[in-house]
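I'd like to ask you about the structure that follows.
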Amino acid sequence: MTLTGKGGRGGRNCEFLLSLALASEGMRFDALAADTDGIDGTEANAGAFADGTTCARLRQAGLDPRAMLRGHDSWTGFDALGDLFSPGPTGTNVNDFRAILLR
């Protein structure tokens with residue numbers, strides 16, 4: 001991935017989820033993407049939750065999910081929805097964790 005523009009807030013897990021939400025909009029799924037150390041990029045969250053309604057809920061909140069993805073500002077959207085996953089620092093950095101439940 002090449003970062004362009006001035007950039008926003010959010011790490012690779014939130015960015016992954018926003019991209020997944022856009023590509024799977026309207027589908028029945030639930031997803032979690034998080035970093036095992038409790039920190040996604042430079043923010044105080046480990047990641048976030050997304051589902052098939054994420055993009056519709058962002059639009060209802062007055063946010064444009066495509067523009068957020070282009071601006072690498074996924075954190076702002078998940079924060080507005082209350083969908084950030086913030087367990088706090090774990091002291092263990094094993095890997096990123098991603099789970100997707102298709103229904």
Side-chain angles (χ1 to χ4, degrees):
M1 169 185 1
T2 301
L3 294 178
T4 58
K6 63 182 178 177
R9 297 176 71 183
R12 64 183 166 264
N13 289 296
C14 285
E15 181 117 343
F16 164 80
L17 280 176
L18 184 55
S19 180
L20 173 68
L22 280 163
S24 307
E25 190 168 2
M27 294 177 68
R28 295 183 65 208
F29 75 94
D30 295 291
L32 165 67
D35 199 314
T36 59
D37 68 357
I39 301 167
D40 185 30
T42 60
E43 304 306 323
N45 64 299
F49 298 94
D51 62 28
T53 69
T54 296
C55 291
R57 292 184 296 127
L58 285 169
R59 290 184 194 99
Q60 287 173 348
L63 300 169
D64 179 349
R66 289 201 185 281
M68 297 179 87
L69 190 59
R70 278 191 309 270
H72 306 289
D73 195 23
S74 54
W75 183 92
T76 299
F78 288 113
D79 183 52
L81 297 178
D83 287 347
L84 291 173
F85 176 57
S86 303
T90 65
T92 303
N93 191 7
V94 178
N95 210 339
D96 288 347
F97 174 81
R98 296 181 180 172
I100 303 169
L101 173 65
L102 301 173
R103 294 189 269 147

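The figures here come from the full heavy-atom set of this structure, side chains too, leaving out hydrogens, waters and symmetry mates.
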#### Entry: Set of salt bridge (Lys or Arg N to Asp or Glu O under 4.0 Å) partners for D64, sequence neighbours left out
none

### Message
Under the rule for side chain to side chain contact (heavy atoms under 4.5 Å, CB included), what residues qualify as partners of D30, not counting sequence neighbours?
### Response
D51, L101, R103

### Task
Return the set of residues passing side chain to side chain donor-acceptor pair (under 3.5 Å) with R66 (not counting sequence neighbours), or none when no residue passes.
none

### Query
Under the ring-ring contact (aromatic ring centres under 6.0 Å, His included) rule, what pairs show up with a residue in residues 11-35, not counting sequence neighbours?
none

### Task
Answer whether the closest heavy-atom distance between the side chains of S74 and L69 falls below 4.5 Å.
no

### Query
Under a 4.5 Å side-chain heavy-atom rule over Ile, Leu, Val, Met, Phe, Trp and Tyr, are M68 and L81 clustered together?
yes

### Query
According to the side-chain hydrogen bond (donor to acceptor under 3.5 Å, both in side chains) rule, which pairs have a member within residues 16-26, sequence neighbours left out?
E25-R59

### Query
Which atom pair, heavy atoms only, marks the closest approach of L17 to A50?
CD2-CB, 4.0 Å

### Donor-acceptor pair, side chain of S86 and main chain of G88, under 3.5 angstrom
no

#### Entry: ring-ring contact (aromatic ring centres under 6.0 Å, His included) against F49, all qualifying residues, sequence neighbours excluded
F85

### Query
Among all residues two or more places apart in sequence or in another chain, which pass the side chain to side chain donor-acceptor pair (under 3.5 Å) test with R98?
N13

### Task
Please round to the nearest 0.5 Å and tell me the distance separating atom CG of D35 and atom CD of E43.
13.0 Å

### Task
Taking all non-hydrogen atoms of both residues into account, name the closest pair between L18 and P65 and its distance.
CD2-O, 3.7 Å

### Side-chain donor/acceptor of T36 to backbone N/O of N95, under 3.5 Å
yes

### Task
Walk me through it: do L58 and F78 pass the test side-chain contact (heavy atoms from CB on, under 4.5 Å)?
CA-CA 8 Å; L58 285 169; F78 288 113; 6.0 Å; no

### Task
First locate atom CG of L84, then atom CG of N45, and finally report the distance between them rounded to the nearest 0.5 Å.
4.5 Å

### Message
Restricting to non-hydrogen atoms, name the atom on G77 and the atom on L63 that form the minimum distance, rounded to 0.1 Å.
### Response
CA-CD1, 4.1 Å

### Query
According to a 4.5 Å side-chain heavy-atom criterion applied to Ile, Leu, Val, Met, Phe, Trp and Tyr, with indirect links allowed, do L32 and M27 form part of one hydrophobic cluster?
no

### Task
Decide yes or no for I100 and L20: does some side-chain heavy atom of the first lie under 4.5 Å from some side-chain heavy atom of the second?
yes

### Task
Could you note down all residue pairs passing salt bridge (charged side-chain N to carboxylate O under 4.0 Å, His left out) where residues 75-88 supplies at least one of them, sequence neighbours left out?
R57-D83

